[in-house]
There are 2 protein chains.
Amino acid sequence: MAKLRIALAQVNSTVGDLAGNAQTIVEWTRRAAGRGAGLAVFPEMMLTGYPVEDLALRASFVDASIAALHDTAARLAAEGLGGVAVVTGYLGRDTGLVPRVGQPASAAQNGSALLYGGQVVVTSAKHHLPNYGVFDEYRYFVPGNTLPVFRLPCGPAGAAVDVAIAICEDLWQDGGPVAVTRQAGAGLLVVPNASPYERGKDAARLELCVNRAAEAGATLAYVNLMGGQDELVFDGDSVIVTASGELLARGPQFAEALVVADLEVPAADPGVPPGDTPADPCDGTQMTIHRVVLPPLSGPERAAQPQSTEGTSPVWPRLSPPAEVYAALVTGVRDYVEKNGFGSVIVALSGGIDSALTATIAADSIGPERVHVVLMPSRYSSAHSVGDAEDLVKRQGLHARTVPIQPMVDAFQAELGLHGLAAENLQARARGVILMGLSNAEGHLALTTGNKSEVATGYSTLYGDSAGGFAPIKDVPKTLVWDLARWRNAEAAGRGQTPPIPENSITKPPSAELAPGQLDTDSLPDYQVLDAILDDYVVKDLGVAGLVAAGHDPALVDRVVAMVDRAEYKRRQYPPGPKITPRNFGRDRRLPITNRWREPGRSQSR
Amino acid sequence: MAKLRIALAQVNSTVGDLAGNAQTIVEWTRRAAGRGAGLAVFPEMMLTGYPVEDLALRASFVDASIAALHDTAARLAAEGLGGVAVVTGYLGRDTGLVPRVGQPASAAQNGSALLYGGQVVVTSAKHHLPNYGVFDEYRYFVPGNTLPVFRLPCGPAGAAVDVAIAICEDLWQDGGPVAVTRQAGAGLLVVPNASPYERGKDAARLELCVNRAAEAGATLAYVNLMGGQDELVFDGDSVIVTASGELLARGPQFAEALVVADLEVPAADPGVPPGDTPADPCDGTQMTIHRVVLPPLSGPERAAQPQSTEGTSPVWPRLSPPAEVYAALVTGVRDYVEKNGFGSVIVALSGGIDSALTATIAADSIGPERVHVVLMPSRYSSAHSVGDAEDLVKRQGLHARTVPIQPMVDAFQAELGLHGLAAENLQARARGVILMGLSNAEGHLALTTGNKSEVATGYSTLYGDSAGGFAPIKDVPKTLVWDLARWRNAEAAGRGQTPPIPENSITKPPSAELAPGQLDTDSLPDYQVLDAILDDYVVKDLGVAGLVAAGHDPALVDRVVAMVDRAEYKRRQYPPGPKITPRNFGRDRRLPITNRWREPGRSQSR
């Protein structure tokens, strides 16, 4: 057996910021070295951020990623860190494999690289490419068919460990790199990931790591990206497990961290030479084991070999279910604001729960001093609406102003004389104009306050309450909106702080207040009932027969399915917002607008 | 040699309308029979429409497609058409092939089926799945690895032809079904397609068909879908070419048609038995040739065998370049309106060229009596603007009204006091509110008037001039907007009609008229220069170095690239519109909003 201290750098990279991400690699490698690690592992596509989408098709961007990789290796050595083996994800280019049919000739690869001694020692690429849900990796990448195994000197002279590298989806699919790791007899499998958050995914992830470590017959070190990128939020939650299933270390959720652990793994067999060996075919494709032996470094480089200075990392405790979702939303908002360079946000506050929660998430993300709210009462706004909104402002110390919309509505109505739904939409749109005007004039990012139940059913006004640049609770069903508000208040109370959200905003019956005495329940089923149907239809993709079989009321099912189908055009123009469910209304669910398919109803014979 | 009359049904199917599409198959098969054809071929995924996007993941929809396929076969026989061999595309399900890793277990297939004698005789599936540009077929389908070859009785007793089936992308990629068709010795290769229009694609398509017919050693019959589906427009342009490259027939562009031709192809070798034969591997995958022999029908079915009643089809003439684009836009608008059930459209008319062309396209699509326009002058609108808009209304006989926006703008400004860009946006948004109010109140589809140059550079107001449900000229660069307007006027003049677009709208310098004396050239380069850069950056995806090497002014390149990159968030909320270029701003180009990548400028050393 050989001993090795490893550091997983669970960090927040930014799409396109090659210089900034390279700097992160250098800084965190320095921290890893300072904590005595001889091996530091960074997430998938760390150098470019993830996902880069069609930037992967642009030759200039791929070139820049490859150049930055070599620069980073040289910089690490120049800063005395060449003796730490650094594994990182980057955007590479197919280097001689036969491209798949239909792939551009100069296809990119989702690559990993080992940096050591100032060099890019070996590169490889993701073997299993996800092309479902939010992922489109067949669009961008050719698969890699090499398992790199590098022999890392560690401990006393001559001792070494064989370390294999796989990337993210390579763990989620059977066969391929995991099976080949066992064939290669590697003692350690390191896995860079960019695995987006979904509710409850941490449990699935740990189980996966335990199973794959057993299959690989190796200790498995899983490092995940942290941070928000448009609709995706990466939760960190890095994991180290042994081949026998022992959890050695686990990173925090939604926070950067260096996860350091001491591993004891089988020493490399010095009789196995470097070079290429074909693996036994394990999933219908032929993979090659590519072995390299890292030289023990001497001279100034050797001096950089880590000294143990601190202890290893704990298993960070898990967040509770609401805390986890809330942290995802806060992370998503904060990174959208910061990575896009906004100084502040603006929220239209109605006194209702959606805008109250949105403003609270914003304040928790970037600080209340950067949150501006605007109250836009109409003649249908109840006294408690304004009161509840003002109460929230006071509790949190937000910047508030009030712009009554009646004069603007009157000006339109003098010309248009709208009635019914058109008149309701007019009020929402007048508010949208005010919100966007303040956003434009003062540079705030406008946050949209719609929840997933509204987005699903189209219970919103295009360019009205749906206006804005980012929609924090777009993937949060209404019932979960209430749960999160209650949790956030209780959490504050538990810390002896003022609960940020007025109790009345949580308990009163929801209303859009666009007509006298209007309630959401005039147009929608009770939210408990509605959200259960929506989860089965939107997330689980059941057809009408399946929904009825699942126990939902057939008449309600027909009504809800029709509402969801009809609202596709509104969703197409909705702002992005953080994904927290297994299927959000973004890249995860792609339906035509022009679509005459009507799920066969229960009354139809089939 | 054997003789055979074939009919290609270049028809317009609708996504999700299984009953309507099945009815189209029956009706056009009857027409084919009436014109003496023994074989009728329908487009790719005819029965479901194309693309169905995530409907392919819904089990209830796949089930319904399969059920509709069997129903259609039975109906054809019941209506006396069982003796016509009908090849059609449909949405099927993998029937025993090993699914690819990462694919859902019950993965769908992009299928073709042969209907004959009341039965679904044989099915197969697309082998090459496109997953680039607007296509995501790896998301939905498992590839087929069977080449079906059916022996179709024709002419005098005993004569028969071997007919192979491939689907769309199977032609565009090397190897696979085309090569296997030659191995199978089929005399005829029929190819259902759903190939979206792009400028100039018809020439590429004909060249492809000629080359592939030669490779297959067979006559090739290519039938393409016709009609609009959200952002895609299918142009028809069906083609029949012989193995030696002779063009036998060609369908019209942007029109439904039955393309009928008499073929003389090698008779089937009666010594080759039905059953499965492995093909020689030709693209790294193992395909199987699956042969079936169709019985000559007798009794009532036999009576349905076609009698020649009319002549065969001509080679329809090609449209000129502007006529072709214009027809694509008219088709896209008409089908979006009709398939989504709108009775009318509404357009905000400014007197400028973009709204003038948009209204003209709308009138040509659905008739001027269904086109409503609203003039919304402000204090910055010039006299000629209102005059030019009124002139257009009169020329075309549109429904017009005028709603001056100053009272609404004043109402907002009394509270907000906006200046500069925010004040300009306010005017555009007041117009957006009016347009959407009239749309909601009267049920018109609101058409958005922005062109591709504006959408690219973000020279538009979110929820202002970008408001609407469909954007007819979204993929049309400004210089092409002028070309189309000139072409449309000349075309009218050539027919002795009043040119629909006022000359002044074409010739005056473009202006958003949101500030005194404002011109587009205050903010943007000359459109000739701009559009050339945009084509190289957006369509050809050149980096900055590539743009400069292509001869564009370096300073302008920097400025334009920065504008395009910054406007991604606006495009994400832009309405859909018909694609006419090789890369539109829809599914064709997918870039992150949060994106710190800045193309290295000329001044930076690299």
Side-chain angles (χ1 to χ4, degrees), chain A residues 14-17 52-55 57-61 101-102 128 130-132 138-139 173 229-230 283 336 339-340 403 407-408 411-412 414-416 418 421-422 425-426 429 432-434 436-437 440-441 463 467 469 541 543 545 569 572-573 575-576 589-597 599, chain B residues 14-17 52-55 57-61 101-102 128 130-132 138-139 173 229-230 283 336 339-340 403 407-408 411-412 414-416 418 421-422 425-426 429 432-434 436-437 440-441 463 467 469 541 543 545 569 572-573 575-576 589-597 599:
Chain A
T14 298
V15 163
D17 187 7
V52 299
E53 306 188 40
D54 279 9
L55 288 175
L57 305 177
R58 200 177 299 168
S60 58
F61 187 68
V101 165
H128 290 302
N131 205 66
Y132 52 80
Y138 272 92
R139 180 177 174 88
Q173 303 296 335
Q229 169 60 29
D230 287 352
D283 64 347
Y336 193 88
K339 292 180 178 180
N340 285 294
V403 182
M408 297 78 158
F412 284 106
E415 284 287 341
L416 302 178
L418 303 175
L421 201 60
N425 284 335
L426 173 61
R429 291 198 182 106
V433 173
I434 294 165
M436 295 306 296
N440 288 163
Y463 321 131
D541 216 18
Y569 74 99
R572 205 64 75 87
Q573 296 189 43
R589 187 177 189 268
R590 309 176 190 180
L591 285 171
I593 297 175
T594 303
N595 174 10
R596 291 217 186 131
W597 171 241
E599 282 283 337
Chain B
T14 299
V15 163
D17 187 8
V52 298
E53 307 188 39
D54 279 10
L55 288 175
L57 304 177
R58 199 176 300 169
S60 58
F61 187 68
V101 165
H128 291 300
N131 205 66
Y132 52 82
Y138 273 91
R139 180 178 174 87
Q173 302 296 335
Q229 168 60 30
D230 288 352
D283 65 347
Y336 193 88
K339 293 180 178 180
N340 285 294
V403 182
M408 297 77 159
F412 284 107
E415 284 288 340
L416 302 178
L418 303 175
L421 201 59
N425 284 335
L426 173 60
R429 291 199 180 105
V433 173
I434 294 166
M436 294 307 295
N440 289 164
Y463 321 132
D541 216 18
Y569 74 100
R572 204 65 75 88
Q573 297 188 43
R589 187 177 190 268
R590 309 175 190 181
L591 285 171
I593 297 175
T594 303
N595 174 10
R596 291 217 185 131
W597 171 243
E599 282 283 337

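Naming convention: chains lettered A, B, ... in sequence-line order (proteins, then strands); numbering from 1 in each chain.
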Interatomic distance, [X] atom [atom1] to [Y] atom [atom2] [nearest 0.5 angstrom]:
{"X": "B/Tyr336", "Y": "A/Thr594", "atom1": "OH", "atom2": "OG1", "result": "5.0 Å"}
{"X": "B/Tyr463", "Y": "A/Tyr463", "atom1": "OH", "atom2": "OH", "result": "9.0 Å"}
{"X": "A/Leu57", "Y": "B/Leu591", "atom1": "CG", "atom2": "CG", "result": "8.5 Å"}
{"X": "B/Arg139", "Y": "A/Tyr132", "atom1": "CZ", "atom2": "OH", "result": "11.0 Å"}
{"X": "A/Glu53", "Y": "B/Asn595", "atom1": "CD", "atom2": "CG", "result": "9.0 Å"}

Interface residue of largest heavy-atom contact number with chain B, from A/Gly437, A/Ala545, A/Pro576, A/Pro407, under 4.5 Å = A/Gly437

task = Check side-chain contact (heavy atoms from CB on, under 4.5 Å) between A/Ala441 and all other residues, then give those that pass, not counting sequence neighbours.
result = B/Leu418, B/Ala422

Any side-chain heavy-atom pair of [X] and [Y] under 4.5 Å:
{"X": "A/Arg429", "Y": "B/Arg429", "value": "no"}
{"X": "A/Asn440", "Y": "B/Leu421", "value": "no"}
{"X": "A/Arg596", "Y": "B/Lys339", "value": "yes"}
{"X": "A/Arg58", "Y": "B/Trp597", "value": "yes"}

Heavy-atom pairs under 4.5 Å with chain A: which of [options] has the most?
{"options": "B/Val52, B/Leu416, B/Leu55", "result": "B/Leu55"}
{"options": "B/Val433, B/Asp230, B/Asn340", "result": "B/Asp230"}
{"options": "B/Arg589, B/Gln573, B/Gln229", "result": "B/Gln573"}

Can you tell me which portion of [X] sits under 4.5 Å from chain B's heavy atoms? Options are side chain, backbone, both or neither.
{"X": "A/Thr14", "answer": "side chain"}
{"X": "A/Pro575", "answer": "both"}
{"X": "A/Ala467", "answer": "both"}

query = salt bridge (charged side-chain N to carboxylate O under 4.0 Å, His left out) with A/Arg590: which residues, sequence neighbours excluded?
reply = A/Asp136, B/Asp136

key: Aromatic plane relationship, B/Phe412 with A/Phe412 - under 30° parallel, 30 to 60° tilted, over 60° perpendicular   = perpendicular

